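One structure below.
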Amino acid sequence: MAELTISIVNDCNRELVIECVKSIYYTKGALEVEIFVIDNASADGSADALAEAFPEVKLIRNSRKEGFSANHNKAIRLSSGEFVFILNDDTVILPGALTDMAAFMREHPEAGAVGAMLLNPDGTPQYTGKARPTLLAAAMVSLGFHRLFPANPITARYYGRKEAYTGPEEVESVNGAAMMVRREVFAKAGILDDGFFLFCEDVDWSIRMREAGFKLYFLPSARIIHYRGASTGGRRIVLIYHKSLFRFYRKHYAPKNFFLVNWLAYCGIAARLLLFLVYGGVRKKSA
């Protein structure tokens, strides 16, 4: 039985996923790890390259494209680790990250999951959501206010934007690009929701973990480079994003809101999608 199971979904990112797996072996220390790579029907020879470079990696080859949740759930069901680390293929683990996260989880049995500090390639932090999104925060992000007014308290709280961290912090949401999860979570909160093809699945899972009684944490000492957007892009991704947004709202907000509020929210999602498609020139990281 491994101490840590690492699940990576690769989608035509041959060079990046190989560097990702290399970084795991370089930095795992004394941790006993098992690595699953789910190759999502890549057309760039990723699967063969991985099999040649890392024969010990448990490689799952998809014959067709599947979603983020469905792919990681394959590894979760086969995993033996005390903890399962959901990891993007466009990441590089820096020294100490894996060992720090595993040690933190052992020291904090109330923790259902812990997230890492994600960094841009130049070493600057990526501000990813750490709070459960309110309707107001979601609206402001959708309208781009978080870029126009990055210091406003509503979206700053959602993104966890801070100048400095003094240590681990309890958060409401853990980013799925690098999320270490305790095995007990699967029995009490379930696994990832296959209904989310891409986007929102990590926030949905975070909500369910907290509802099941687990706490979530952010560990700034665990540092991981994230080539953000390397796995996504194009109009199809924008369509998928808005479909996930619709599902997330319907699952977590619609049952508690008045029908008129729901109608306005659905109209807002549809209008945003239309704007992206009409004026769209979509950049890879738009979603």
Side-chain angles (χ1 to χ4, degrees), residues 3-4 6-7 27 29 31 81-88 91-138 140-141 145-147 149-186 188-189 192 199-226 228 248 252:
E3 295 174 88
L4 178 64
I6 301 177
S7 174
T27 63
L31 281 175
E82 179 184 359
F83 311 114
V84 175
F85 193 33
I86 305 298
L87 183 65
N88 269 25
T91 57
V92 174
I93 310 294
L94 296 182
L98 294 177
T99 51
D100 282 2
M101 294 174 82
F104 180 87
M105 292 291 278
R106 290 198 180 98
E107 292 164 6
H108 295 80
E110 77 282 5
V114 63
M117 167 71 83
L118 299 178
L119 304 173
N120 294 309
D122 64 1
T124 57
Q126 292 178 4
Y127 293 106
T128 53
K130 297 182 180 68
R132 177 173 176 167
T134 63
L135 291 181
L136 181 56
M140 293 180 72
V141 170
F145 282 20
H146 63 303
R147 294 192 180 96
F149 309 104
N152 81 81
I154 296 171
T155 59
R157 178 182 179 275
Y158 170 66
Y159 281 112
R161 187 179 289 272
K162 292 178 64 173
E163 293 301 319
Y165 294 92
T166 57
E169 294 190 1
E170 186 177 352
V171 293
E172 295 176 344
S173 180
V174 176
N175 189 286
M179 171 191 282
M180 190 175 290
V181 181
R182 186 178 305 279
R183 174 164 295 280
E184 287 81 1
V185 162
F186 309 143
K188 296 181 180 179
L192 287 157
F199 305 111
C200 301
E201 67 288 310
D202 49 359
V203 186
D204 167 72
W205 206 14
S206 295
I207 290 172
R208 288 188 282 123
M209 287 186 215
R210 283 168 54 84
E211 289 175 345
F214 293 101
K215 291 185 177 182
L216 308 178
Y217 291 92
F218 167 66
L219 188 63
S221 65
R223 300 163 72 82
I224 295 174
I225 295 172
H226 181 207
R228 194 171 188 174
F248 182 83
H252 292 287

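We're numbering straight along the sequence, starting at 1. As the structure is a prediction and not an experimental result, all values here were calculated from the model.
- Counting heavy atoms from C-beta on, the side chains of Ile86 and Asp202 never come closer than 4.5 Å.
- In this structure, His108 and Phe104 have parallel ring planes: the angle between them is below the 30° cut-off, well short of the 60° mark.
- Between Leu216 and Glu172, every side-chain heavy-atom pair lies at or beyond the 4.5 Å cut-off.
- Looking at heavy atoms from C-beta onward, Phe248 lies in side-chain contact with Ile207 at the 4.5 angstrom threshold.
- The backbone N or O of Thr124 lies less than 3.5 Å from a partner atom in the side chain of Asp122, making a donor-acceptor pair.
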Solution key, residues 217-225 side-chain donor-acceptor pairs under 3.5 Å, sequence neighbours excluded:
residue, atom, partner, partner atom, Å
Tyr217, OH, Glu110, OE2, 2.8
Ser221, OG, Asp100, OD2, 3.4

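- Minimum interatomic distance between Ala178 and Leu118 (heavy atoms only, all atoms of both residues): CB-CD2, 4.0 Å.
- Not one N or O on the side chain of Glu107 forms a donor-acceptor pair closer than 3.5 Å with the backbone of Met105.
- Closest approach of Val174 and Gly115 over heavy atoms only: CG1-CA, 3.5 Å.
- Looking at every heavy atom in both residues, Ile93 comes nearest to Thr27 through CG2-OG1, 3.4 Å.
- Residues Lys188 and Arg182 are not in side-chain contact: their nearest non-hydrogen atoms beyond the backbone lie 4.5 Å or more apart.
- By the 4.5 Å heavy-atom criterion applied to side chains, Met209 and Val181 are counted as neighbours.
- Nearest heavy-atom pair, Thr91 versus Asn88, reported as atom, atom and distance to 0.1 Å: OG1-O, 2.7 Å.
- Counting heavy atoms from C-beta on, the side chains of Phe85 and Met101 come closer than 4.5 Å.
- Summarising the geometry of Gln126 relative to His226, their closest heavy-atom pair is NE2-O, 2.8 Å, with the distance given to 0.1 Å.
- Distance CE/Met179 to OG/Ser7: 12.0 Å, rounded to 0.5 Å.
- Annotation: side chain of Pro125 is in contact with side chain of Met117 (closest heavy-atom distance under 4.5 Å).
- Proximity of Val114 to Phe83: side-chain heavy atoms (C-beta onward) are nowhere separated by under 4.5 Å.
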